[in-house]
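Comments concern the structure below.
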Amino acid sequence: MIIAIDGPAASGKSTIAKEIAKRLNYKYLDTGAMYRALTWKVLKNEADFSDEMAIVEFVKDTKVYFEETIIGGKLIVKTYLDDDDVTEEIRLSEVSNHVSLVAKISAVREVMVKLQQELAINKNFVVEGRDIGTHVFPDADHKFFLTASTGERAKRRYLELKEKSHEVEASSVEHELISRDTIDSTRSASPLAKAPDAYVLDTTEKSIDEVVEEILKAIKGEN
Ligand code: DC
């Protein structure tokens, strides 16, 4: 069974999707981490983000995979790029600021989407991203689209970065979110969009537990 969770940046997708996967004992796939890992590779190689051909060459020669463990009751996922652990690096603001430029290249998406489908098809997976319910798994058993106000999303992302001791300014976090959402939702190749049959959940004033419970109820058909 595939549970698709889509939504804009910092709408709570990762926290919620990991908790749902843990509670249901499903595997978890963070498709954003795949685009982030490729972006990290482009940065490390000092390639030009406007050189789409070079980026497409990178994606053809890139291995991304995940390792899951449960520590202290929480699902912890490590991301590997060509066998290096890049879990921390892919969250750097340098990566966040460039990832949409990589994710908008349709030849990159084709490779990534194929990988995502191969990984999760016919298995029990919670898959989170921007185009999961619309494009990667249009026949997913359950589809959710999480939203939250821009202010709330910027606040969450700012606190998350602060907690990890990243040097950030609240105004630049909000600016980065808005610019990423704009590129993600206006690109021509499978943009960020709500599937017509997705269950929409505004998480602005909801706790993580409330959202998790609402999703689990919807999956069980109790809503
Ligand atoms: O979920 P995230 O913020 O880690 O995603 C990083 C970027 O990757 C996001 O700005 C858009 C892109 N992305 C995408 O285009 N399609 C997906 N399925 C997942 C993420």
Side-chain angles (χ1 to χ4, degrees), residues 2-18 21 28-43 49 52 55-56 58-59 62 64 66 77-79 81 86-120 125-138 140 143-148 150 152-154 156-158 160-161 164 166 168 173-195 198 203:
I2 300 284
I3 299 167
I5 304 189
D6 288 304
S11 53
K13 296 187 307 292
S14 297
T15 311
I16 304 295
K18 276 193 269 191
Y28 162 72
L29 178 59
D30 177 359
T31 59
M34 298 171 78
Y35 293 101
R36 284 175 178 272
L38 179 62
T39 305
W40 177 241
K41 185 166 180 165
V42 176
L43 281 167
F49 280 93
E52 297 198 353
I55 298 176
V56 173
F58 278 127
V59 76
T62 292
V64 182
F66 303 96
V77 185
K78 282 192 173 176
T79 305
L81 168 73
V86 294
T87 313
E88 297 293 325
E89 290 84 344
I90 62 167
R91 303 293 157 194
L92 293 172
S93 54
E94 235 181 325
V95 173
S96 302
N97 292 339
H98 291 93
V99 62
S100 290
L101 301 176
V102 169
K104 76 183 173 83
I105 305 171
S106 55
V108 164
R109 302 198 70 79
E110 268 172 42
V111 175
M112 291 296 192
V113 168
K114 194 160 170 274
L115 270 173
Q116 293 155 13
Q117 290 170 335
E118 281 169 3
L119 255 166
F125 256 92
V126 177
V127 187
E128 68 145 289
R130 303 289 191 288
D131 59 341
I132 310 306
T134 51
H135 188 69
V136 185
F137 290 109
K143 298 181 186 178
F144 297 91
F145 192 84
L146 304 190
T147 62
T150 309
E152 176 65 20
R153 293 189 292 119
R156 288 178 191 166
R157 183 50 50 92
Y158 175 74
E160 189 185 310
L161 290 167
K164 290 183 187 162
H166 289 284
V168 280
V173 171
E174 180 156 351
H175 182 262
E176 180 261 309
L177 271 190
I178 296 171
S179 119
R180 202 139 63 88
D181 284 349
T182 308
I183 304 177
D184 293 343
S185 49
T186 55
R187 67 177 178 230
S188 57
S190 54
L192 160 69
K194 182 191 93 58
T203 70

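Read the numbers this way: they start at 1 and go in the same order the structure lists the ligands and their atoms. In this text, all values refer to a predicted model and were calculated from it rather than measured experimentally. All values below come from the heavy atoms of this structure, side chains included, with hydrogens, waters and symmetry mates left out.
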Polar contact flag for Asp30 and ligand 1 (N/O pairs, less than 3.5 Å): no

Any Arg91 heavy atom less than 4.0 Å from ligand 1: yes

Test item, Gln116 contacting ligand 1 (heavy atom, 4.0 angstrom): no

Per-residue contact class, Arg36 against ligand 1 - non-hydrogen pairs under 4.0 Å: side chain

Taking every non-hydrogen atom, the tightest pair across Leu81 and Trp40: CD2-CD1, 4.0 Å

Residue pair Arg36 / Ser96, side-chain heavy-atom distance below 4.5 Å: yes

Within residues 173-192 or reaching into it, pairs that qualify as ring pair (Phe, Tyr, Trp, His ring centres under 6.0 Å) - sequence neighbours excluded: none

Met34 vs Phe66 side-chain heavy atoms within contact, under 4.5 Å: yes

Identity and separation of the nearest protein heavy atom to atom 6 (C) of ligand 1: Arg180 NH1, 3.5 Å

Trace of the side chain to side chain donor-acceptor pair (under 3.5 Å) decision for Thr203 with Arg156: CA-CA 11 Å; Thr203 70; Arg156 288 178 191 166; 3.1 Å; yes

Heavy-atom check, side chain of Arg130 versus side chain of Pro191, under 4.5 Å: no

Heavy-atom side-chain proximity of Ile132 to Ile5 below 4.5 angstrom: no

Nearest-contact summary for atom 20 (C) of ligand 1 - protein heavy atom, Å: Gly32 CA, 3.5 Å

Note, Glu176 side chain near Ser93 side chain (heavy atom, < 4.5 Å): no

Ser100 touching ligand 1 at heavy-atom level, < 4.0 angstrom: yes

Protein heavy atom at shortest distance from atom 18 (N) of ligand 1: Asp131 OD1, 2.8 Å

Ligand 1-proximal atoms of Arg130, by part, heavy-atom distance under 4.0 Å: both

N or O pair under 3.5 Å between Tyr35 and ligand 1: no

Protein contact of atom 11 (C) of ligand 1 - nearest heavy atom, named by residue and atom, plus distance: Asp184 OD2, 3.2 Å

Residue portion contacting ligand 1 (non-hydrogen atoms closer than 4.0 Å) for Lys104: neither

Distance-minimising heavy-atom pair for Ala10 and Arg153: O-CG, 3.3 Å

Met112 near ligand 1 by a heavy-atom separation under 4.0 Å: no

Protein heavy-atom partner closest to atom 12 (C) of ligand 1 - residue, atom, separation in Å: Ala103 CB, 3.7 Å

Arg157 N/O to ligand 1 N/O under 3.5 Å: no

